[in-house]
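Chain letters run A, B, ... following the sequence lines, proteins first and then strands; every chain starts at 1. Here the structure is a predicted model, which is why all the values come from computation and not from measurement.
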Amino acid sequence: MPELPEVETVTQGMANKLVNKRIQSIKVRRYDLRWPIPKNFEQAMQGALIKNIKRRAKYILIETDKEYGMLWHLGMSGRVKISEHPSKPPAYEKHDHVQLILQDGTWIRYFDPRRFGTIQLVKDHDFVKNILLGHLGYEPLSPDFNAQNLLKGIKNRKSPIKNLIMDQRLVVGVGNIYACEALYDAGIDPNCPGCEITKDRADILCKSIKKVLKNAIRAGGSTLKDYRKSDGNLGYFQYQFNVYDQADKDCKKCSVKILRIMQAGRSTFYCPKCQK
DNA sequence: CTTTGGGCCTGGACGC
DNA sequence: TGCGTCCAGGCCCAAA
C-alpha cells in the first residue's frame with residue numbers, strides 16, 4: 001500500500017537503523033521483480049558503507065561509499081522488514097526476496113508478494129539523470145508545489161482532476177488513496193476536468209494534498225513504533241480514511257452515501273454532495 | 001501531443 | 001472444501 005507517506009515512513013525507519021553501518025552479507029533469493037535485480041547486485045553491495053538514505057517520489061535512494069548505491073521501489077505490495085535490535089534473522093518467509101545483514105547484526109529484508117517493486121543499482125549520475133531530473137514532477141510537500149504551478153499543469157487538460165494529481169509528471173507521491181482523500185478534503189468533484197479548476201480551488205487542493213499527506217506521515221510515525229515492536233514491519237499503519245474504501249457508508253460531513261466510481265481503471269471514492 | 005486500456009504478479013474476499 | 005470471479009495502494013507501454 002505504499003504511497004508517499006508510507007514510503008517516507010519506511011525511509012525514515014531505514015535511515016535510523018542503517019546509516020553509517022556497513023553491509024556484511026547480502027542474499028538475493030529472487031531476482032525477477034518488476035525490473036530484475038542486476039546479476040552483480042550482491043557483489044556490488046558487499047561490504048558497502050551506507051552513507052545516506054533519502055526519498056524521492058516513491059523511490060528510496062540508498063547512498064553508499066561504493067561505485068553504486070541502491071534504489072528501492074515498493075510497488076503495490078512491497079514491505080521492508082527490519083530488526084528491532086541487532087539479532088539473528090528468523091527463518092525466511094515466502095516472498096522475502098532480498099536480505100541484508102549489517103556488521104552490527106541488524107538485518108533488513110525486502111518482502112513483496114506481487115513483485116511489482118524493484119531494487120536497482122544506481123550511480124550518483126543516475127540518481128540525478130533518471131530520478132531527480134527525470135520525468136518526475138514536484139514533491140508535494142515542497143514550496144514549489146503551489147497553486148500557481150498546479151494550475152499551470154492542469155489548465156489545458158481535459159482529464160479528470162483526480163487522474164491529473166496522480167500523474168507523476170505533475171506531482172509525485174499521490175496515489176489512489178490520498179488522491180481521493182485530498183479531493184474530499186478540498187470539496188472538489190474528482191470528475192472535474194483539470195481545465196475547469198479555478199485558481200482559488202487549485203490553491204485549496206494544493207493545501208489539502210499537503211495536509212492529507214502530512215497527517216498520514218504523522219500517523220505513520222506514531223503507530224510505527226508500536227507496530228515495529230510486534231513484527232518488525234515498517235510503514236504499514238492504520239489511517240482513518242474519510243472516503244477511500246468507504247463506499248455506501250455515510251459521509252462524515254453530510255451523511256450522504258459515499259460513491260465508488262471507476263476513473264482510468266482505478267476506483268474513486270467521493271461524496272457527491274460535498275464534492276462539486 | 002493527450003488519453004485510454006491492458007499488463008505485470010499474487011492473494012484475499014466473495015458468491016455459488 | 002473447492003472453484004471461479006473480481007479486486008487491490010504503482011507504473012510502464014502500446015494504441016487510438
Side-chain angles (χ1 to χ4, degrees), chain A residues 1-11 29-37 55-60 71-80 92-98 110-120 130-131 134-137 140 152-184 190-197 209 212-213 215-217 219-220 223 227 233-248 259-270:
Chain A
M1 66 157 61
E3 293 190 30
L4 186 143
E6 290 78 11
V7 178
E8 177 64 25
T9 302
V10 170
T11 303
R29 301 179 71 231
R30 274 199 88 140
Y31 284 88
D32 55 336
L33 304 183
R34 177 74 162 84
W35 291 278
I37 297 174
R55 180 190 60 75
R56 167 69 172 125
K58 295 172 195 167
Y59 295 90
I60 301 167
L71 182 154
W72 292 32
H73 195 291
L74 304 180
M76 295 268 261
S77 57
R79 298 187 191 190
V80 175
Y92 283 117
E93 289 183 85
K94 195 178 180 184
H95 311 304
D96 282 338
H97 304 312
V98 176
Y110 178 75
F111 169 96
D112 185 5
R114 290 173 74 180
R115 309 205 312 282
F116 282 6
T118 194
I119 296 181
Q120 295 293 307
N130 297 331
I131 306 302
H135 64 287
L136 297 177
K152 205 181 298 176
I154 65 177
K155 67 176 186 200
N156 294 322
R157 305 286 300 272
K158 291 178 189 165
S159 291
I161 186 63
K162 191 252 192 171
N163 298 334
L164 293 172
I165 61 175
M166 289 177 67
D167 186 338
Q168 297 260 322
R169 291 167 300 183
L170 177 57
V171 54
V172 302
V174 182
N176 205 35
I177 292 176
Y178 298 113
C180 293
E181 294 295 319
L183 286 165
Y184 175 77
N191 296 294
C192 181
C195 54
E196 292 179 16
I197 300 284
I209 288 172
V212 164
L213 292 176
N215 283 345
I217 291 170
T223 45
Y227 199 60
N233 286 328
L234 286 185
Y236 291 82
F237 43 87
Q238 292 298 314
Y239 180 88
Q240 197 58 41
F241 300 125
N242 288 313
V243 284
Y244 181 79
D245 205 21
Q246 306 298 308
D248 297 329
L259 296 184
R260 172 180 183 265
I261 61 172
M262 294 300 279
Q263 291 183 296
R266 310 297 298 276
S267 291
T268 299
F269 301 87
Y270 75 108

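Remark: C:dA8 base-pairs with B:dT10. Criterion, Watson-Crick or G-U wobble with two distances under 3.5 Å.
Rounding to whole angstrom units, CZ of residue A:Arg260 and P of C:dG9 are separated by 9 Å. Rounded to whole angstrom, the span from the NZ atom of A:Lys162 across to the P atom of B:dT4 amounts to 12 Å. One can place CZ of A:Arg266 at 14 Å from P of B:dG6, the figure rounded to the nearest angstrom. Spacing between atom OH of A:Tyr110 and atom C1' of B:dC9 amounts to 12 Å, rounded to whole angstrom units. In this structure, A:Arg30 atom CZ and B:dC9 atom P are separated by 9 Å, rounded to whole Å. The NZ-C1' distance, from A:Lys94 to B:dG12, rounds to 13 Å in whole Å. The OH atom of A:Tyr59 sits 7 Å away from the C1' atom of C:dC11 (whole-angstrom rounding). Straight-line distance from the CG atom of A:Asn163 to the P atom of B:dT3: 9 Å, rounded to whole Å.
Taking OG1 of A:Thr9 as the start and CD of A:Glu3 as the end, the distance is 12.0 Å to the nearest 0.5 Å.
For A:Met76, the listed nucleotide lying nearest its side chain is C:dA8; candidates were C:dA8, B:dT4, B:dG11. Nearest nucleotide to the side chain of A:Lys158, out of B:dT3, B:dG11, C:dC11: B:dT3.
Put simply, the side chain of A:Gln246 never gets that close to the backbone of A:Phe269: no donor and acceptor are under 3.5 Å apart. The closest donor-acceptor contact from the side chain of A:Asp112 to the backbone of A:Gly117 lies under 3.5 Å.
The base of C:dC11 lies close enough to the side chain of A:Arg34 for a donor and an acceptor atom to sit less than 3.5 Å apart. Under 3.5 Å, the side chain of A:Arg114 and the base of C:dA8 form at least one donor-acceptor pair of N or O atoms. Taking 3.5 Å as the limit, the base of B:dC9 and the side chain of A:Arg115 contain no donor-acceptor pair of atoms between them.
For the 3.5 Å distance criterion, the side chains of A:Lys162 and A:Asn176 qualify, holding a donor opposite an acceptor.
Judged by closest nucleotide on DNA chain B, A:Arg157 is the one of A:Arg157 and A:His95 placed further toward the 5' end.
For C:dC11, the base is not stacked against the aromatic ring of A:Phe116, per a cut-off of 5.5 Å between centres and 30° between planes.
For C:dG9, neither phosphate oxygen OP1 nor OP2 lies less than 4.0 angstrom from any side-chain nitrogen or oxygen of A:Tyr178. Contact between the side-chain N/O atoms of A:Gln168 and the OP1/OP2 oxygens of C:dC11 is found at a separation under 4.0 Å. Regarding contacts with the backbone of B:dT3, a side-chain N or O of A:Ser159 is found under 4.0 angstrom from either OP1 or OP2.
More than 12 heavy atoms of other residues, nucleotides or ligands shown are found within 6.0 angstrom of CZ on A:Arg29.
With P as the reference atom, B:dC9 and C:dC3 are 24 Å apart, rounded to whole Å. The separation of B:dT3 from C:dG9, taken at their C1' atoms, amounts to 23 Å, rounded to a whole angstrom.
The aromatic rings of A:Tyr110 and A:His97 sit tilted, their planes meeting at an angle between 30° and 60°.
When heavy atoms are screened at a 4.0 angstrom cut-off, A:Gly175 is found touching the sugar-phosphate backbone but no base atom.
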